[in-house]
Amino acid sequence: MVFNRVKNFISYWYLQYLLATSVYMLEPIERRIFNCFLIIVLAMFMYTSYVFLPDHARMIVYFINSYILQPEIVDGV
Amino acid sequence: MSMVETIYMPSENDFRGKTKKFNGVQNGGKISNGCHKKTKQVDEETEKAWEKDFCETFEETPMLAAISTYIGYLILVAVGHVREFLKSIGIGVVKCVAEPKIPGFVPLYQTWESFYSWYVYRRIQDCFCRPVSGVPGAKMVVIDRESNDHRWSFQYTGGHSTVLNFGSYNYLGFSQNSGPCAEEVEQTIKNYGVSVCGSRQELGYLDLHKQMDRLVADYLGVEDAYTVPMGFATNSMNIPSLVGKGCLILSDELNHASLILGCRLSGAKIKTFKHNCMKDLEKNLREAIVDKQPRTHRPWKKILIVVEGVYSMEGSIVKLPEVLRLKKKYKAYLYLDEAHSIGAIGPHGKGVVDYFGLNPRDVDIMMGTFTKSFGAVGGYIGGSQALVNHLRLYSHSAIYSSSMAPGVAQQIVSSMNIMLGRDGTREGEKRIQQLKWNTRYFRRRLQEMGFILYGNKDSPVVPLLMFMPSKIAKFSRESLNRGMGVVVVGFPATPMTKCRARFCLSASHTKEMLDEALQITSDIGDLLAIKYSKAEPPSYSENDVPLVEDS
């Protein structure tokens with residue numbers, strides 16, 4: 001019962017993705033290649049954000065904090 | 001309420017044949033410089049009375065739908081280019097015509113049109129140009145076909161599907177192969193034969209044609225009429241005999257291809273104005289009269305305004321009272337193409353002039369076709385006796401094409417007699433009222449469901465917007481499976497981001513058929529998520545249309 005509901009949910013949203021991006025109109029082999037390509041790009045995006053995002057975020061917060069607490073002295077006096 | 005009107009009246013008789021130049025208004029022998037400014041107490045109440053009942057909607061495209069459409073087209077074009085590249089290497093089967101690139105010769109296939117037709121249109125080609133068999137009345141028989149090579153070619157499976165017909169232009173339901181019209185046509189073919197085998201000016205003018213011309217003139221309320229055996233040719237072959245070089249044509253931007261072809265063939269200068277926008281038309285008229293011809297600054301010989309009664313892609317009705325007011329004020333001529341509105345609009349089925357309650361003698365050239373409402377083929381032009389006399393002598397179709405086949409002419413005569421009530425029954429009135437009721441009911445129910453519809457509340461052409469090309473493909477296939485046949489249109493017939501499905505209502509559709517169609521549309525609408533409309537529910541309804549009961 002729950003499995004049916006999940007299956008309906010996924011198939012509805014898969015159809016919406018196919019229609020919105022016009023992948024519905026492509027031939028089956030083109031559709032498979034496009035889906036693989038999209039999954040690879042999304043996987044790389046997620047991997048990159050998992051590896052690099054925490055460090056980037058920490059550095060941004062550090063720079064903002066240092067700018068607020070102690071403004072940089074210009075013209076070195 | 002007062003309205004300041006600037007009256008500047010050049011008439012052709014002032015300039016024709018005279019060499020002296022003057023700018024100003026000639027008034028009983030006295031010449032004055034410049035324009036007269038008069039303030040007129042115009043009764044705006046009566047002039048704008050038609051606007052109260054005029055209800056047109058063109059809802060804006062939702063932002064997400066527009067973005068998806070652009071992304072979709074980007075992906076299709078990118079994939080198409082990849083396929084082209086692979087084809088040039090030799091990978092992949094693309095069954096388009098190969099053209100050898102011989103240096104020094106112009107390429108045979110234009111780049112964008114061929115690309116679009118092979119890599120976008122071809123993918124959903126099974127939704128267009130479906131073969132039908134039998135009479136396409138309220139229901140039609142679609143021949144099934146399938147494709148084994150991704151829609152480059154089709155094979156018949158051997159099956160048929162009987163589906164509801166919302167794709168044929170059958171407004172009054174005369175698309176029948178039985179009934180009084182069909183019997184009279186059969187008798188006429190036995191008497192006159194199948195074809196006339198001659199042009200109008202050479203032995204092709206039968207007494208049947210004379211009767212048909214007279215009947216069309218009576219139907220429209222004009223002095224005389226002239227008929228042409230092909231609807232497209234009525235426009236493209238007759239406009240060149242009415243205007244020529246030195247004339248100006250102001251045509252609506254969404255005019256039909258036949259009108260555009262006729263205007264281009266005539267050699268006149270063409271200017272387009274925004275669809276149904278009277279301010280733009282007035283601005284163009286004023287500029288035309290003031291600036292005159294581009295290089296020589298001679299005044300235009302004629303200014304012709306070309307509009308359609310009902311625009312079939314948008315479902316909008318022309319604002320005829322306003323166009324007539326502008327025409328009279330600036331002394332232009334009006335060419336009204338009533339292909340989709342004759343028979344379908346108006347309390348007596350006499351077109352858009354009848355719908356607004358105006359005088360048919362005000363429109364200079366009333367053109368229309370018999371294809372949509374009368375179950376025949378061909379077109380007519382109605383107007384003053386002088387106009388029709390001129391057309392009978394100088395029109396291309398009178399000289400070069402054979403005249404209308406007797407069977408077709410009889411169909412027109414029979415159906416018009418029914419519409420005018422001359423056969424003694426109330427059949428004509430019944431059909432008109434049924435069509436009106438169907439239109440209001442269908443449009444109201446669809447708008448209440450939440451679809452975006454374009455056009456006037458009274459137009460029997462109902463465009464349902466879907467914006468994305470993949471959605472129109474899915475809609476077409478799903479509705480065929482569920483028993484309803486509709487026409488879907490995309491680029492290039494419509495703007496690129498406004499793909500739509502188009503329902504053509506008919507007087508032969510019963511309420512049960514409409515309910516079934518509405519249920520199917522609603523189910524598919526939920527499946528495809530095309531219920532975009534954020535407008536208020538419609539204020540019109542079908543309850544103020546009285547139906548004629550069978551006695």
Side-chain angles (χ1 to χ4, degrees), chain A residues 1-68 71-72, chain B residues 62 64-83 86 91-95 116 118-127 147-152 466-478 490-491 496-497 499 524-530 532:
Chain A
M1 169 67 187
V2 178
F3 184 65
N4 242 358
R5 288 234 309 260
V6 171
K7 209 167 74 135
N8 281 341
F9 179 82
I10 292 181
S11 70
Y12 174 75
W13 282 106
Y14 181 58
L15 180 65
Q16 296 306 314
Y17 148 73
L18 285 181
L19 290 173
T21 54
S22 293
V23 176
Y24 174 78
M25 284 163 64
L26 300 178
E27 297 167 24
I29 181 153
E30 290 168 352
R31 206 186 278 189
R32 275 179 245 147
I33 295 176
F34 184 87
N35 284 342
C36 290
F37 174 72
L38 195 66
I39 289 175
I40 290 173
V41 166
L42 279 175
M44 285 200 287
F45 172 72
M46 302 242 263
Y47 174 73
T48 317
S49 50
Y50 170 74
V51 169
F52 290 113
L53 207 54
D55 281 332
H56 272 149
R58 203 183 309 136
M59 262 195 277
I60 291 169
V61 167
Y62 171 72
F63 272 117
I64 290 179
N65 275 339
S66 67
Y67 186 73
I68 291 174
E72 296 195 13
Chain B
L64 276 179
I67 294 177
S68 300
T69 315
Y70 284 124
I71 292 178
Y73 271 111
L74 256 167
I75 291 178
L76 283 169
V77 167
V79 171
H81 279 302
V82 166
R83 289 299 297 260
L86 290 177
I91 308 174
V93 175
V94 176
K95 290 188 186 178
Y116 183 84
W118 293 334
Y119 294 108
V120 180
Y121 179 83
R122 183 263 312 167
R123 295 180 192 278
I124 50 173
Q125 210 170 254
D126 64 314
C127 303
S147 172
N148 294 329
D149 51 357
H150 308 295
R151 296 176 190 108
W152 284 106
M466 277 182 271
F467 307 110
M468 285 159 240
S470 46
K471 285 200 179 173
I472 59 172
K474 182 82 178 159
F475 187 92
S476 178
R477 290 170 193 156
E478 280 293 315
F491 184 80
M496 206 140 178
T497 50
C499 304
I524 306 178
D526 287 326
L527 181 68
L528 301 182
I530 46 179
Y532 293 114

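This one's a predicted model, so the numbers in the text were calculated from it and none came from an experiment. For the numbers below, each heavy atom of this structure counts, side chains included, while hydrogens, waters and symmetry mates do not.
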Nearest-0.5 Å distance, [atom1] of residue [X] to [atom2] of residue [Y]:
| X | Y | atom1 | atom2 | value |
| --- | --- | --- | --- | --- |
| A:Ile39 | A:Phe34 | CD1 | CZ | 11.0 Å |
| B:Ile472 | B:Met466 | CD1 | CE | 6.5 Å |
| A:Arg58 | A:Tyr62 | CZ | OH | 12.5 Å |

* **Minimal non-hydrogen separation, A:Met25 against B:Leu76, with atom names** => CE-CD1, 3.8 Å

* Heavy-atom side-chain contact between B:Phe475 and B:Cys127 under 4.5 Å -> no

* **Contact class of B:Leu74 relative to chain A, heavy atoms under 4.5 angstrom** => neither

* Answer with side chain, backbone, both or neither: which region of B:Leu64 has an atom nearer than 4.5 Å to a non-hydrogen atom of chain A? => neither

* To do: Could you check which of B:Ala529, B:Gly72, B:Pro469 has the highest count of heavy-atom pairs closer than 4.5 Å to chain A?
  => B:Gly72

* With chain A, which of B:Ile67, B:Leu527, B:Val120, B:Ile71 has the greatest number of heavy-atom pairs at distances under 4.5 Å? -> B:Leu527

* Which atoms of A:Leu26 approach chain B - backbone, side chain, both or neither, heavy atom under 4.5 Å -> both

* Interface residues of residues 45-56 of chain A facing chain B - non-hydrogen atoms under 4.5 Å apart -> none

* Asked: Is the CD1 atom of A:Ile29 crowded by more than 12 outside heavy atoms at less than 6.0 Å?
  -> no

Show me, pair by pair, the donor and acceptor atoms from chain A and chain B that are under 3.5 Å apart.
residue: A:Gln16; atom: NE2; partner: B:Leu527; partner atom: O; Å: 3.0
residue: A:Leu19; atom: O; partner: B:Ser470; partner atom: OG; Å: 2.5
residue: A:Tyr24; atom: OH; partner: B:Arg477; partner atom: NH1; Å: 3.1
residue: A:Glu27; atom: OE1; partner: B:Arg83; partner atom: NH1; Å: 3.4
residue: A:Glu27; atom: OE2; partner: B:Arg122; partner atom: NH1; Å: 3.3
residue: A:Glu30; atom: OE1; partner: B:Arg123; partner atom: NH1; Å: 2.8
residue: A:Glu30; atom: OE2; partner: B:Arg83; partner atom: NH1; Å: 2.3

